[in-house]
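Comments concern the structure below.
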2 protein chains.
Amino acid sequence: MASTKETIVLLGDELIRKKGYNAFSYADISKQLNVKNAAIHYHFPTKPDLADAVVDFHTDSFNRFTEKASSRNEADQIKMFLNFYASIQLSGKLCVIGSFAGDWNSMDNEIQEKVTEFTEHVLSWITETLEKGKEKELLSFNAPARIEAMKILTNMCAGTQLARITGSNDFTEIKNSILHEIIN
Amino acid sequence: MASTKETIVLLGDELIRKKGYNAFSYADISKQLNVKNAAIHYHFPTKPDLADAVVDFHTDSFNRFTEKASSRNEADQIKMFLNFYASIQLSGKLCVIGSFAGDWNSMDNEIQEKVTEFTEHVLSWITETLEKGKEKELLSFNAPARIEAMKILTNMCAGTQLARITGSNDFTEIKNSILHEIIN
DNA sequence: GTCTATATGTTGATAGAC
DNA sequence: GTCTATCAACATATAGAC
């Protein structure tokens with residue numbers, strides 16, 4: 001059973017990634033909880049406080065994901081990562097990274113640093129997974145692993161954005177093409 | 001000499017791609033022109049009207065770009081396209097497509113359709129340029145041209161976003177890696 | 001500890017002055 | 001034709017009630 005505070009983080013996350021940080025207000029959350037908007041300020045005094053908690057939530061989620069994926073081989077792990085983005089796309093959200101990047105100049109330094117740390121964390125995981133997969137000859141790619149990781153991440157990140165514009169099918173094609181090119 | 005109306009479009013475009021559609025206000029523009037915010041409403045009655053004009057501006061710009069690039073071979077044209085994104089990145093902006101995608105659910109149907117049209121237009125140009133370049137054996141890639149085009153576009157689009165978070169150098173590495181992989 | 005009533009500023013937009 | 005004075009709605013946030 002999620003606490004009110006946890007529910008607010010989940011709703012805030014959904015709003016940030018569906019509407020954008022600047023487009024949502026505390027009223028959007030308070031209406032869903034049948035309280036006044038000021039009640040949200042009790043749990044998260046300022047909007048940046050909530051954004052902060054949302055980034056923490058994603059850090060925890062990603063750690064749970066990598067933990068869960070760690071029992072599989074590297075090709076499967078990359079596949080799981082891309083499928084995770086497919087579920088983001090289907091739910092009409094963007095990934096945190098792309099969402100915060102768009103509103104980057106509205107974010108204070110503390111959140112920027114937290115998002116940077118999260119992004120480097122994700123990039124490191126992809127990079128290491130690609131490297132191990134290449135060693136085991138499960139994966140193939142020409143660029144240095146970190147650059148390949150950035151290309152995959154930007155494909156996924158902007159893939160969910162492009163899908164809003166040109167349709168869900170385009171995301172699927174990008175995803176399948178990546179898998180086809182790197183999995184032996 | 002740009003008219004006031006043209007200047008407003010340029011300032012609006014810069015604000016949309018630097019701060020985001022929902023983060024900027026008419027006051028941001030009016031301050032720079034030393035008028036009251038309501039003066040902007042004379043030229044563009046509503047914010048969507050301005051967004052509309054910004055998309056038109058980009059359609060015209062892109063058409064000028066392809067016209068100018070058409071005298072070069074296909075490898076050079078792709079290089080010019082990626083360099084165009086490099087200049088966006090250096091100026092601290094995002095591309096229109098990624099910027100509007102983030103605020104997609106705040107846009108009305110008319111603008112969404114215009115952005116969709118613009119995006120398909122850009123994708124078509126990349127696709128055709130890739131196809132011609134492959135025929136002439138100037139370019140190499142395995143995926144169908146439109147999918148390769150989407151991968152390049154998403155690399156560039158989210159590359160400018162990633163660069164805000166992890167630094168300008170990462171964009172350059174993505175760009176160089178793409179060119180290295182597709183240019184013979 | 002959790003919420004509501006309330007304040008203060010900013011937003012997009014209208015009506016009307018020059 | 002171009003702009004300013006002004007407004008109603010909404011934003012974030014504080015002080016204080018229960």
Side-chain angles (χ1 to χ4, degrees), chain A residues 1-55 99-100 102-112 114, chain B residues 1-56 99-100 102-112 114-115:
Chain A
M1 192 60 187
S3 68
T4 306
K5 194 159 186 172
E6 287 165 339
T7 307
I8 292 170
V9 173
L10 292 176
L11 289 172
D13 171 52
E14 184 168 19
L15 286 161
I16 285 172
R17 295 193 291 141
K18 274 191 178 164
K19 299 181 65 174
Y21 179 75
N22 286 304
F24 93 95
S25 80
Y26 272 22
D28 293 324
I29 297 174
S30 62
K31 275 175 203 160
Q32 294 195 58
L33 296 178
N34 280 310
V35 291
K36 301 294 161 189
N37 76 76
I40 312 301
H41 283 278
Y42 164 68
H43 297 281
F44 299 97
T46 70
K47 215 180 172 188
D49 288 329
L50 177 54
D52 216 77
V54 166
V55 181
S99 183
F100 276 88
D103 286 320
W104 194 248
N105 297 321
S106 309
M107 316 305 296
D108 61 35
N109 224 264
E110 198 187 325
I111 297 168
Q112 287 184 346
K114 213 162 212 169
Chain B
M1 193 58 188
S3 69
T4 305
K5 193 159 188 170
E6 285 166 339
T7 306
I8 292 170
V9 174
L10 291 176
L11 289 172
D13 171 52
E14 184 167 20
L15 285 161
I16 285 172
R17 295 194 290 141
K18 275 192 176 162
K19 299 181 66 175
Y21 178 76
N22 286 304
F24 94 93
S25 80
Y26 272 23
D28 293 325
I29 297 175
S30 63
K31 276 174 201 158
Q32 294 193 58
L33 296 178
N34 282 309
V35 290
K36 300 296 161 187
N37 77 75
I40 312 301
H41 282 279
Y42 164 68
H43 297 282
F44 297 97
T46 71
K47 216 180 171 189
D49 288 330
L50 177 53
D52 215 77
V54 167
V55 181
D56 283 340
S99 182
F100 277 87
D103 287 319
W104 194 248
N105 296 322
S106 309
M107 315 305 295
D108 62 35
N109 222 264
E110 197 188 325
I111 297 167
Q112 287 184 347
K114 213 163 210 168
V115 173

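Atom set for the values below is all heavy atoms of this structure, side chains included, hydrogens, waters and symmetry mates excluded. Per chain, numbering begins at 1; letters A, B, ... match sequence-line order.
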Under-4.0 Å side-chain N/O to phosphate OP1/OP2 contact, [X] with [N]:
X     : N      : value
A/Y42 : C/dT2  : yes
A/H43 : C/dC3  : yes
B/S25 : C/dT10 : no

Quickly work out the [X] [atom1] to [N] [atom2] distance and round it to whole Å.
X      : N      : atom1 : atom2 : result
A/I40  : C/dT6  : CD1   : P     : 20 Å
A/D108 : D/dT12 : CG    : C1'   : 14 Å
A/K36  : D/dG16 : NZ    : P     : 21 Å
B/L15  : C/dT11 : CG    : C1'   : 15 Å
A/K47  : D/dT14 : NZ    : P     : 15 Å
B/Y26  : D/dA9  : OH    : P     : 20 Å
B/H41  : D/dA5  : NE2   : P     : 15 Å
B/N37  : C/dT14 : CG    : P     : 13 Å

(message) Pair B/N22, A/Y21 - check side chain to side chain contact (heavy atoms under 4.5 Å, CB included), show working.
(response) CA-CA 9 Å; B/N22 286 304; A/Y21 179 75; over 6 Å; no
(message) Please check: side-chain N/O of B/N105 versus main-chain N/O of A/K18, any donor-acceptor pairing under 3.5 Å?
(response)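 Yes, because the side chain of B/N105 sits within donor-acceptor range (under 3.5 Å) of the backbone of A/K18.
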(message) Quick check on DNA chain D: between A/P45 and B/N34, whose nearest nucleotide comes earlier from the 5' end?
(response)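 The residue mapped nearer the 5' terminus is B/N34.
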(message) Within a 6.0 Å radius of atom NZ on A/K36, are there more than 12 heavy atoms belonging to other residues, nucleotides or ligands?
(response)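 No, not enclosed.
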(request) Give B/F44 one of three labels, base, sugar-phosphate or nothing, depending on what nucleic acid heavy atoms sit under 4.0 Å from its own. (result)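 Answer is nothing: B/F44 stays at 4.0 Å or more from every strand.
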(request) Give a yes or no on whether a salt bridge exists between A/D103 and B/K19, defined as a side-chain N under 4.0 angstrom from a carboxylate O. (result)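 Answer for the salt bridge query: no.
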